[in-house]
Protein chains: 2
Amino acid sequence: MDCAKTTPVSIQQLKKVCSTCSLRELCLPMGLSPEEIEQLDHLVYTRKRVKRGESLYRAGDPFTSLNAVRTGFFKSTVVLEDGRDQVTGFHMPGEIMGLDGIGTDRHTVSTIALEDSEVCIIPYSRLEELSHKVRSLQSQFHKMMSREIVRDQGVMMLLGTMRAEERLAAFLLNLSQRFGARGYSPTEFNLRMTREEIGSYLGLKLETISRTFSKFQEQGLITVRQKHVRIEDLKGLRRLLGREC
Amino acid sequence: MDCAKTTPVSIQQLKKVCSTCSLRELCLPMGLSPEEIEQLDHLVYTRKRVKRGESLYRAGDPFTSLNAVRTGFFKSTVVLEDGRDQVTGFHMPGEIMGLDGIGTDRHTVSTIALEDSEVCIIPYSRLEELSHKVRSLQSQFHKMMSREIVRDQGVMMLLGTMRAEERLAAFLLNLSQRFGARGYSPTEFNLRMTREEIGSYLGLKLETISRTFSKFQEQGLITVRQKHVRIEDLKGLRRLLGREC
DNA sequence: GGTGCCGATTGATGTGGATCAAAACGTCCT
DNA sequence: AGGACGTTTTGATCCACATCAATCGGCACC
């Protein structure tokens with residue numbers, strides 16, 4: 001039954017992956033019935049390990065499958081012709097990566113593991129097939145893509161109208177909410193990314209991130225020590241977002 | 001046959017809307033066979049007129065249908081709690097609006113006509129039904145959503161890493177490309193939006209837009225007079241994007 | 001054909017975050 | 001344990017764009 005578990009290969013074949021997965025309420029199977037999830041099991045049965053610093057795929061690679069984060073943490077980056085690049089997202093367990101590739105059959109971003117990670121491979125042609133059969137899966141998949149669009153609009157808003165403090169507060173609150181939804185502490189967590197990566201995502205320089213962290217700490221909003229963050233005053237952080245001069 | 005044309009109502013019932021539409025190669029039917037497009041005709045048969053300044057839908061409205069721009073020009077805006085808002089996109093004929101509403105059954109942006117316009121209403125539940133039957137429609141619809149995600153990432157890049165001149169050059173080149181794809185001149189067109197709306201979209205103030213337009217004109221890159229723009233040096237504008245100090 | 005108003009232009013000044021620089025701190029590797 | 005390198009912090013200075021302000025111009029409406 002679980003013969004694969006003992007072989008230390010990077011791609012494993014497992015049974016009943018989605019049905020028994022603790023992330024199923026956050027991931028692709030969200031809102032599906034147990035019978036429907038079982039259908040997904042026939043589709044999503046391959047996992048892949050990605051070591052810290054390794055890429056899952058790179059911009060320009062042919063697109064063949066979506067990837068769900070099983071464990072670990074990823075970042076996605078776009079690169080401009082002149083070499084400038086920007087982090088466009090961070091991905092944690094249960095989140096789907098690779099939606100950008102559907103439109104052109106090629107990935108437009110590079111996705112890199114920020115710690116040793118594991119992803120579930122979702123072959124895209126088979127997902128289309130199955131969602132053609134299972135209405136609720138189709139519907140769920142559409143919602144997922146739509147939410148990605150809304151998320152991106154939120155980031156556009158952040159980059160277009162917010163000041164540095166507001167951006168970082170929004171970022172911390174977003175992480176807090178996502179960790180909380182996954183059963184981790186929403187007020188105490190380790191950042192997996194560097195100050196530079198946070199800055200790139202927020203359209204700021206790493207020095208500004210560092211200074212703003214220090215300022216938040218002075219104000220008693222958070223405690224930071226290296227990558228470890230504890231949110232001391234959630235309401236205070238939220239207040240920063242609701243207009244203040 | 002065309003009895004509806006004589007009644008001056010804002011919602012018209014027409015036959016064969018998609019099959020005979022000149023925009024079909026740019027719009028939802030892109031890549032579908034004539035027979036498949038005919039199936040769409042049963043779905044998309046209602047048009048709606050929206051006068052300049054009127055909203056098609058507002059953030060918070062229940063989501064029931066997507067809308068394809070038939071004629072005219074629209075903008076979408078997000079509003080923050082504190083009242084600050086930002087333009088997240090401009091929409092021209094053949095483009096689909098409302099994808100943001102699928103995820104939550106409510107619109108997250110407000111979409112407003114920038115000139116007297118007409119849209120084709122695409123009832124969403126019926127689109128899901130039909131794309132469940134017609135594989136190529138399903139596939140096409142997924143690509144459309146994915147491209148929207150990629151487009152948004154492009155704007156994030158613009159807002160996160162580009163300077164004012166680069167942003168405006170990218171904006172003009174984008175408009176140029178889209179007008180060109182619709183059979184209009186890619187080098188001479190009328191802006192439908194104000195300097196303030198351009199600024200909001202690009203994360204800049206209206207004065208900066210105005211100054212940068214003037215600078216482009218001095219450099220011989222464009223000629224602007226009010227809303228009328230003529231691109232004099234397409235390559236020069238492109239060069240602005242490929243790094244320059 | 002005026003008149004009023006909104007949008008656009010242009011100038012003067014201010015400032016938030018970038019840039020440059022240096023030191024402190026961690027961590028990984030041998 | 002020691003050394004090297006990458007990350008973070010903090011300070012000093014600079015600059016691109018914001019802000020404030022005044023004028024101009026076009027268009028719609030009496």
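By convention in this document, chain letters (A, B, ...) are assigned in the order of the sequence lines, proteins followed by strands, and residues within each chain are numbered from 1.
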Using 30° and 60° as the class boundaries, would you call the ring planes of Y57(A) and H107(A) parallel, tilted or perpendicular? parallel
I'd like to know if the side chain of [X] and the backbone of [Y] have a donor-acceptor N/O pair within less than 3.5 Å.
{"X": "R58(A)", "Y": "S110(A)", "value": "no"}
{"X": "S55(A)", "Y": "I112(A)", "value": "no"}
{"X": "S117(A)", "Y": "F73(A)", "value": "yes"}

Using a strict heavy-atom distance below 4.0 Å, which residues from residues 211-233 of chain A are in contact with DNA chain C? R211(A), R225(A)
What's the [atom1]-[atom2] distance between [X] and [N], to the nearest Å?
{"X": "I209(A)", "N": "dG16(C)", "atom1": "CD1", "atom2": "P", "answer": "17 Å"}
{"X": "L159(A)", "N": "dG17(C)", "atom1": "CG", "atom2": "C1'", "answer": "14 Å"}
{"X": "L191(B)", "N": "dT9(C)", "atom1": "CG", "atom2": "P", "answer": "10 Å"}
{"X": "R163(A)", "N": "dA18(C)", "atom1": "CZ", "atom2": "P", "answer": "12 Å"}
{"X": "E165(A)", "N": "dG16(C)", "atom1": "CD", "atom2": "P", "answer": "10 Å"}
{"X": "L206(A)", "N": "dC20(C)", "atom1": "CG", "atom2": "P", "answer": "13 Å"}
{"X": "E166(A)", "N": "dG16(C)", "atom1": "CD", "atom2": "C1'", "answer": "12 Å"}
{"X": "R195(A)", "N": "dA18(C)", "atom1": "CZ", "atom2": "P", "answer": "16 Å"}

For G199(B), answer base if it contacts any base atom (sugar-phosphate contacts may also be present), sugar-phosphate if it contacts only those atoms, and nothing otherwise; contact means non-hydrogen atoms under 4.0 Å. nothing
Using a heavy-atom cut-off of 4.0 Å across all strands, would you classify L204(B) as base, sugar-phosphate, or nothing? sugar-phosphate
May I ask you to check whether Y184(A) and F189(A) place their ring centres under 6.0 Å from each other? no
Salt bridge check: are R182(B) and E95(B) linked by an N-O gap of less than 4.0 Å? yes
Should the pair R84(A)-E166(B) be classified as a salt bridge under the 4.0 Å nitrogen-to-oxygen rule? yes
Which is the 5'-most and which the 3'-most nucleotide of DNA chain D that has an atom under 4.0 Å from a heavy atom of chain B? dA16(D) to dG26(D)
According to the side chain to side chain donor-acceptor pair (under 3.5 Å) rule, which pairs have a member within residues 150-162 of chain A, sequence neighbours left out? E148(A)-R151(A)
Tell me the closest heavy-atom pair linking I231(B) and P186(B), and the distance in Å. CD1-O, 3.9 Å
Find which nucleotide of DNA chain C each of K205(A) and S210(B) is nearest to by heavy atoms, and output the residue with the more 5' nucleotide. S210(B)
